[in-house]
Amino acid sequence: MNDVMNFLLLLITDAWFAWVPAVGFAMVFNVPRKMLIFCAAGGALTHSFRFLLLHFGIPIEWATFIASANMGFLGLYWSRKHLIPRPVFTVASVIPMIPGSYAFTAMIGLVEINTSGYSLELMQIVMENGLRTLFILTALSFGLAIPSILIYRGRPIV
Amino acid sequence: MSLSKEQQTELTRVAVFAGQILHQHGAESRLIEQTTQRIGLALGAENIELSISPDAIVITSLVAGHCVTTTRRCYDRGINMQMVCDVQRICVMVEKQLLDAKEVKKRLQRLKPFKHNRWLVVLMIGFSCASFSHFFGGDRAAYWVTFVAASLAMILRQELAHRQHNPFVNFAAAAFVATTITSFGVIVEAGENPQIAMAASVLLLVPGFPLINAVSDMLKGHINMGIARWVFSTLLAISVSIGIVASMTLIGVSGWTS
């Protein structure tokens with residue numbers, strides 16, 4: 001019982017910290033003020049859902065894919081309801097899941113290989129982080145595109 | 001209903017203007033294509049064909065066997081979802097036959113990019129990067145160091161963008177500033193793991209929107225647009241990492257690959 005409570009607390013903390021970047025980046029993309037609340041809800045739900053999936057041992061790429069596919073369907077519902085293009089909600093909501101840190105580590109590794117010469121460790125850092133970036137990012141975008149790929153297939157959503 | 005030559009030219013101009021606005025403010029290619037075609041068809045064209053390339057759009061309208069073709073250059077004006085929303089709303093209104101070509105043109109010309117209050121954005125981006133430091137397992141000291149570094153980097157980014165500096169220079173400079181500030185956090189040993197702040201404070205410079213757009217463009221068949229966006233965001237990421245490495249070499253603190 002205590003374990004469940006602790007886990008719930010972790011989940012809520014995760015959701016709490018996830019809505020901040022979703023809204024922050026939504027403001028950089030100039031999402032209209034009325035829609036920021038949806039970005040906050042989407043960001044919190046998506047990131048905490050991925051946290052839950054990761055907790056059950058699902059690999060990060062698949063967890064990201066499932067979470068962002070969910071966000072795709074949620075965005076579909078909101079966009080039909082408010083007559084607003086889907087990226088307005090969905091992209092800001094998945095921003096907390098973007099593998100930015102992996103991407104920069106891979107790039108910095110490349111720069112270091114140039115300055116200090118080739119070494120297996122550096123190459124391992126570059127390959128592992130680069131591939132992780134690539135796969136997580138593809139999973140993320142593919143998940144968001146699921147509704148328009150599977151259901152709408154070329155017809156406009158709004 | 002048959003349209004005169006002038007009406008067809010006007011219709012084409014209106015449709016390409018809508019497409020240009022969408023392109024300049026960072027909409028994905030599928031949305032640009034669909035919205036432009038829908039506006040053109042709703043205003044009475046029989047067919048609208050359009051070709052989107054990374055810096056221009058070409059559009060041809062067909063009415064009663066006559067074609068009108070026009071090209072517009074599309075300079076990047078920064079991602080602005082409010083503009084995309086407004087164009088979409090106009091498109092829906094045209095389809096319901098609430099507006100004619102003249103009215104649509106007037107409304108499109110009246111659109112002004114809405115910007116959030118810049119200090120509010122700085123505050124929210126500071127807290128965003130600080131939240132990322134929490135996700136990486138940082139403690140309270142890392143949280144506040146990240147907040148300060150990311151806010152200052154964001155102010156610099158806004159200032160340079162306002163003066164129309166090259167985005168690559170801008171991102172490298174912002175990464176340099178953020179990493180320099182967080183390096184001092186490492187030097188004075190703020191908290192348990194001050195290296196986390198170094199990783200979190202540059203995340204405001206991740207080109208997330210172009211990356212997601214790139215993959216979804218390629219998925220939906222606009223390979224050339226996808227490649228262009230992908231290359232652009234990769235170059236941005238490389239210039240960020242050059243800014244980080246420059247700062248780490250100068251200060252002598254390493255926090256990424258060791």
Side-chain angles (χ1 to χ4, degrees), chain A residues 13-14 16-33 35-36 47 82-88 90-92 94-96 98-101 103-112 115 121-122 125-126 133 137-138 140-142 144-145 148-149 154-158, chain B residues 25-28 30-31 34-35 38 78-85 88-89 91-92 113-116 120-121 123-132 134-136 175 199-200 202-206 208-209 211-216 219-220 234 237-238 240-242 244-245 248-249 256-257:
Chain A
T13 329
D14 190 85
W16 173 255
F17 278 102
W19 79 261
V20 183
V23 172
F25 282 90
M27 285 171 80
V28 174
F29 307 146
N30 295 302
V31 170
R33 205 170 287 140
M35 298 298 150
L36 286 178
H47 198 274
H82 299 276
L83 292 184
I84 275 181
R86 231 157 40 101
V88 175
T90 51
V91 176
V94 299
I95 285 283
I98 291 226
S101 206
F104 289 153
T105 311
M107 298 289 174
I108 289 168
L110 281 180
V111 178
E112 304 248 307
T115 47
E121 289 143 49
L122 276 178
I125 287 172
V126 172
T133 312
L137 204 66
T138 317
L140 203 72
S141 304
F142 200 79
L144 281 187
S148 64
I149 288 178
R155 280 172 293 143
I157 288 178
V158 182
Chain B
H25 292 99
E28 63 172 315
R30 167 77 67 88
L31 192 67
Q34 278 177 351
T35 309
R38 283 164 67 187
I79 297 158
N80 196 320
M81 284 298 115
Q82 174 261 339
M83 292 294 271
V84 177
C85 289
Q88 179 81 31
R89 189 165 299 136
C91 171
V92 172
F114 160 78
K115 289 253 158 60
H116 283 282
L120 207 58
V121 175
L123 192 74
M124 282 310 290
I125 285 296
F127 280 121
S128 300
C129 289
S131 299
F132 284 126
H134 170 82
F135 288 140
F136 297 156
V202 288
L203 288 182
L204 76 152
L205 302 168
V206 178
F209 211 107
L211 277 173
I212 291 180
N213 265 348
V215 179
S216 63
L219 273 179
K220 293 169 188 171
T234 309
I238 290 177
V240 169
S241 55
I242 286 175
I244 295 171
V245 171
M248 288 198 307
T249 319
W256 282 84
T257 50

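For the numbers below, each heavy atom of this structure counts, side chains included, while hydrogens, waters and symmetry mates do not. Quick note on labels: first sequence line is chain A, next is B, and so on, each numbered from 1.
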Practice prompt. Run the numbers on B/Val240 and A/Met107 for side-chain contact (heavy atoms from CB on, under 4.5 Å), then give the verdict.
Written response: CA-CA 9 Å; B/Val240 169; A/Met107 298 289 174; over 6 Å; no

TODO: Take B/Val206 and A/Phe104, measure what side-chain contact (heavy atoms from CB on, under 4.5 Å) needs, and give me the verdict at the end.
DONE: CA-CA 9 Å; B/Val206 178; A/Phe104 289 153; 3.8 Å; yes

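Counting heavy-atom pairs closer than 4.5 Å to chain A, the top residue among B/Ser241, B/Cys91, B/Ala175 is B/Ser241. With chain A as partner, the option from B/Arg89, B/Arg30, B/His134 having the largest number of non-hydrogen pairs under 4.5 angstrom is B/His134. Contact tally against chain B (heavy-atom pairs below 4.5 Å) for A/Val28, A/Leu122, A/Leu140: the top residue is A/Val28. Listed options A/Pro87, A/Ser101, A/Ala92 were ranked by heavy-atom pairs under 4.5 angstrom with chain B; first place goes to A/Ser101.
With rounding to the nearest 0.5 Å, the separation of CD in B/Glu28 from OG in A/Ser141 is 9.5 Å. Note: A/Ile84 CD1 to B/Met81 CE = 11.0 Å, rounded to the nearest 0.5 Å. Taking CG from B/Leu219 and OG1 from A/Thr138, the interatomic distance works out to 8.5 Å, rounded to the nearest 0.5 Å.
Residues B/Cys85 and A/Val88 share a closest heavy-atom pair of SG-CG2, 3.7 Å. In this structure, A/Phe25 and B/Ser128 approach most closely via the heavy-atom pair CE1-CB, 4.3 Å.
The contact between A/His47 and chain B is made entirely by side chain atoms (from C-beta outward), counting heavy-atom distances below 4.5 Å. Contacts of B/Leu120 with chain A are made by both backbone and side-chain atoms, with heavy-atom separations under 4.5 Å. Only the side chain of A/Val94 comes within less than 4.5 Å of a heavy atom in chain B; its backbone stays farther off. Contacts between B/Ile244 and chain A at a heavy-atom distance below 4.5 Å involve the side chain alone, from C-beta outward. In this structure, chain A has heavy atoms under 4.5 Å from both the backbone and the side chain of B/Thr234. Contacts of A/Ala18 with chain B are made by both backbone and side-chain atoms, with heavy-atom separations under 4.5 Å. In this structure, chain B has no heavy atom under 4.5 Å from any part of A/Trp16. Residue A/Ile98 touches chain B through its side chain alone, counting heavy-atom pairs closer than 4.5 Å. For B/Val121, the parts lying under 4.5 angstrom from a heavy atom of chain A are both the backbone and the side chain. With a 4.5 angstrom heavy-atom cutoff, B/Val84 touches chain A via backbone and side-chain atoms both.
When side chains are defined from C-beta on, B/Phe132 counts as touching A/Pro21, because their heavy atoms get closer than 4.5 Å.
Between the side chain of B/His116 and the backbone N or O of A/Val31 there is at least one donor-acceptor pair closer than 3.5 Å.
When each of A/Val111, A/Leu110, A/Thr115 is checked for a side chain to side chain contact (heavy atoms under 4.5 Å, CB included) with B/Val245, only A/Val111 meets the rule.
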